[in-house]
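Letters go in sequence order (proteins before strands), and every chain restarts at 1.
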Amino acid sequence: MAYWLFKSEPDTFSIDDLKSRGAKGETWDGVRNYQARNMLRDEVKKGDLVFFYHSNCEVPGIVGIAEVIKEAFPDPSQFNPESNYFDPKATPDNPRWFCPQVKFHAKFKSTVSLEQLKQTPALADMALVRKGNRLSILPVSDAQWTFIMGMVK
DNA sequence: GCCAACGTTGGC
DNA sequence: GCCAACGTTGGC
């Protein structure tokens with residue numbers, strides 16, 4: 001089993017939105033970056049746990065945990081001309097974008113903020129705190145996961 | 001709203 | 001294949 005961090009803008013889709021989806025969870029669609037796509041398609045497995053990260057908000061940081069309940073399948077939004085995520089070059093025979101299904105697992109009582117993460121020497125190698133890393137899907141090592149869980153109040 | 005740090009597109 | 005122009009992300 002592996003660990004991940006998924007970013008989401010809380011104004012668009014927050015941890016509370018995921019919680020309200022219950023056991024059926026949410027399709028993690030709209031990822032349109034090849035590096036992130038490759039991780040979703042090739043490495044994210046059912047049962048993996050995911051730090052849910054709120055970006056572009058007052059206090060950016062990890063707010064809870066999601067669980068992968070279905071491995072990546074072709075992202076339906078790429079075929080939908082009405083969708084913001086429509087990709088005219090993608091076809092059902094040759095899909096370009098993939099998405100997993102995730103469900104709510106836990107919400108932290110308080111956010112583990114980006115600021116805290118940056119100030120933690122043990123996490124200096126974490127992809128999230130590296131300069132310029134804008135990927136919305138990031139790997140988290142076992143050691144990083146354990147360490148961050150220890151920071152949760 | 002600004003802007004650094006990317007990623008993508010397309011002309012050549 | 002290069003690279004300028006453009007678009008996006010996301011912290012601040």
Requested in this report: Could you tell me whether a side-chain N or O of A:Ser8 sits under 3.5 Å from a main-chain N or O of A:Phe13, the two making a donor and an acceptor?
Outcome: yes
Query raised in the report: Hey, are the side chains of A:Leu117 and A:Leu128 touching, using non-hydrogen atoms and a 4.5 Å cut-off?
Result: yes
Query - Net bend of the helix from B:dG1-C:dC12 to B:dC12-C:dG1, end axes of five pairs each, nearest 10 degrees - result: 10°
Could you write out each protein N or O paired with an N or O of nucleotides 8-12 of chain C at a distance under 3.5 Å?
| residue | atom | partner | partner atom | Å |
| --- | --- | --- | --- | --- |
| C:dT8 | O2 | A:Arg134 | NH1 | 2.4 |
| C:dT9 | O3' | A:Arg134 | O | 3.3 |
| C:dG10 | OP1 | A:Lys7 | NZ | 3.0 |
| C:dG10 | OP1 | A:Arg134 | O | 2.8 |
| C:dG11 | OP1 | A:Tyr53 | OH | 2.6 |
| C:dG11 | OP2 | A:Asn56 | N | 2.9 |
| C:dC12 | OP1 | A:Lys118 | NZ | 2.9 |

Query - Co-membership, hydrophobic cluster, residues A:Met1 and A:Leu5, 4.5 Å side-chain - result: yes
Query - Sequence neighbours excluded - salt bridge (charged side-chain N to carboxylate O under 4.0 Å, His left out) pairs with any residue from residues 29-49 of chain A - result: A:Arg32-A:Asp75
Query raised in the report: In terms of the nearest nucleotide of DNA chain B, which residue is placed more toward the 5' end: A:Tyr34 or A:Lys131?
Result: A:Lys131
Query raised in the report: What residue pairs, at least two apart or across chains, pass side chain to side chain donor-acceptor pair (under 3.5 Å) with a residue in residues 18-27 of chain A?
Result: A:Arg21-A:Glu26, A:Thr27-A:Gln101
Requested in this report: Round to a whole Å and report the spacing from OH of A:Tyr85 to P of C:dG7.
Outcome: 18 Å
Requested in this report: Look at the side-chain heavy atoms of Ile, Leu, Val, Met, Phe, Trp and Tyr, link any pair under 4.5 Å apart, and say whether A:Ile148 and A:Val59 land in one connected group.
Outcome: no
Query - Contacts of type salt bridge (Lys or Arg N to Asp or Glu O under 4.0 Å), residue A:Asp17, not counting sequence neighbours - result: none
Query raised in the report: Taking only residues at least two apart or on different chains, which pairs with a member in residues 108-118 of chain A satisfy side chain to side chain donor-acceptor pair (under 3.5 Å)?
Result: A:Ser113-A:Gln116
